[in-house]
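To start, the structure itself, in structure tokens.
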Amino acid sequence: MILPRAFFDRPVLDVAPALIGATLLVDGVGGEIVEVEAYDETDPASHSFRGMTPRNQAMFGPAGHAYLYKIYGIHFCLNFVCLPGSAVLIRALRPIAGLERMQARRGTVAEKQLCSGPGKLAQALGLDLRQNGLPLDAAPFEVRMGAAQEIVTGPRIGITKGLETPWRFVAKGSGFLSKRMENPSGAM
DNA sequence: AACTGGATCGTCT
DNA sequence: GACGATCCAGTTG
């Protein structure tokens, strides 16, 4: 079933683990979500920590919409907005649909390299700022519920603040992660 | 396997 | 004017 906007209209720490195992497609291209991170306004690593700005306004908009931003001047990252000021960063997929399109966009055929990181994933799915603020329950997006998964939690990747907060969620044993889980803090 | 530096630019200090 | 929710190629061990 397609995840309704109401699915996202609750605490980001509830939504993030529930997304592991879900299917994300953009124009029919994508796969199973195997890695996410949670961010909220109480969190110094979050874009929303210092309040709303032109860049992050989608993060304060309605739940169930996309927040996309450019990072390091080069890459784009996709988030699912939850309660105001909170969002789930989608970090990795297990490719399922549209392999050829993803391979063409990424310039590689190795399946494990297609969506194993937020920038790679955005590139493979053809995402950029044009999708910022779009609803997740309408074209080109399609987010479908998946079966419950075994989940491991731990510290988030690539941040300098908030390292003590274990808000990274990955599918246990997945071979499609951006990085292996270094300091797991729990399982679900 | 682990670590390095370079690419490149919008955002906020 | 510095830096970042990243990726890649290159080097070293």
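Owing to the predicted nature of the structure, the values given are computational and were not obtained by experimental measurement. Excluded from the calculations below are hydrogen atoms, water molecules and symmetry mates; all remaining heavy atoms, backbone and side chain alike, are included. Order of the sequence lines sets the chain letters (A, B, ...), proteins ahead of strands, with each chain counted from 1.
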Treat a base pair as Watson-Crick or G-U wobble with both distances under 3.5 Å, then lay out DNA chain B in dot-bracket form, 5' to 3', with | for cross-strand pairs.
|||||||.||||.
With sequence neighbours excluded, tell me which residues meet side chain to side chain contact (heavy atoms under 4.5 Å, CB included) with [X].
X: A:Lys172; result: A:Glu150, A:Val152
X: A:Thr108; result: A:Arg106, A:Ala110, A:Gln113, A:Leu114
X: A:Pro84; result: none
X: A:Ser178; result: A:Glu35, A:Arg91, A:Arg168

Which residue, A:Arg106 or A:Gly158, contacts DNA chain C at a nucleotide closer to its 5' end, judged by nearest heavy atom?
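The residue closer to the strand's 5' end, by nearest nucleotide, is A:Gly158.
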Considering only heavy atoms, which members of residues 90-101 of chain A lie under 4.0 Å from some atom of DNA chain B?
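Going residue by residue through residues 90-101 of chain A, none turns out to have a heavy atom under 4.0 Å of DNA chain B.
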Using side chain to side chain donor-acceptor pair (under 3.5 Å) as the criterion, list what pairs up with A:Asp128, not counting sequence neighbours.
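Testing A:Asp128 for side chain to side chain donor-acceptor pair (under 3.5 Å), a comparison that skips the adjacent residues, returns A:Arg130.
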Partner residues of A:Ser46 under the side chain to side chain donor-acceptor pair (under 3.5 Å) criterion, sequence neighbours left out:
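If we apply the side chain to side chain donor-acceptor pair (under 3.5 Å) test to A:Ser46, skipping adjacent residues, the hits are A:Ser48.
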Neighbours of DNA chain C within residues 48-74 of chain A, by heavy-atom distance under 4.0 Å
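Within this stretch, A:Met59, A:Tyr69, A:Ile71, A:Tyr72, A:Gly73 sit under 4.0 Å of the strand.
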Interface with DNA chain C, restricted to residues 108-132 of chain A and to heavy atoms under 4.0 Å:
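Those residues are A:Gly117, A:Pro118, A:Gly119, A:Lys120.
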Contact interval (first through last nucleotide) of DNA chain C with protein chain A, 4.0 Å heavy-atom
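Contacts span C:dG4 to C:dC8, reading 5' to 3'.
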What is the 5' to 3' range of DNA chain B, first to last nucleotide, that sits under 4.0 Å from any heavy atom of chain A?
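Answer, 5' to 3': B:dA7 to B:dT13.
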Hey, do the aromatic rings of A:His47 and A:Tyr69 have their centres closer than 6.0 Å?
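Yes, the ring centres sit under 6.0 Å apart.
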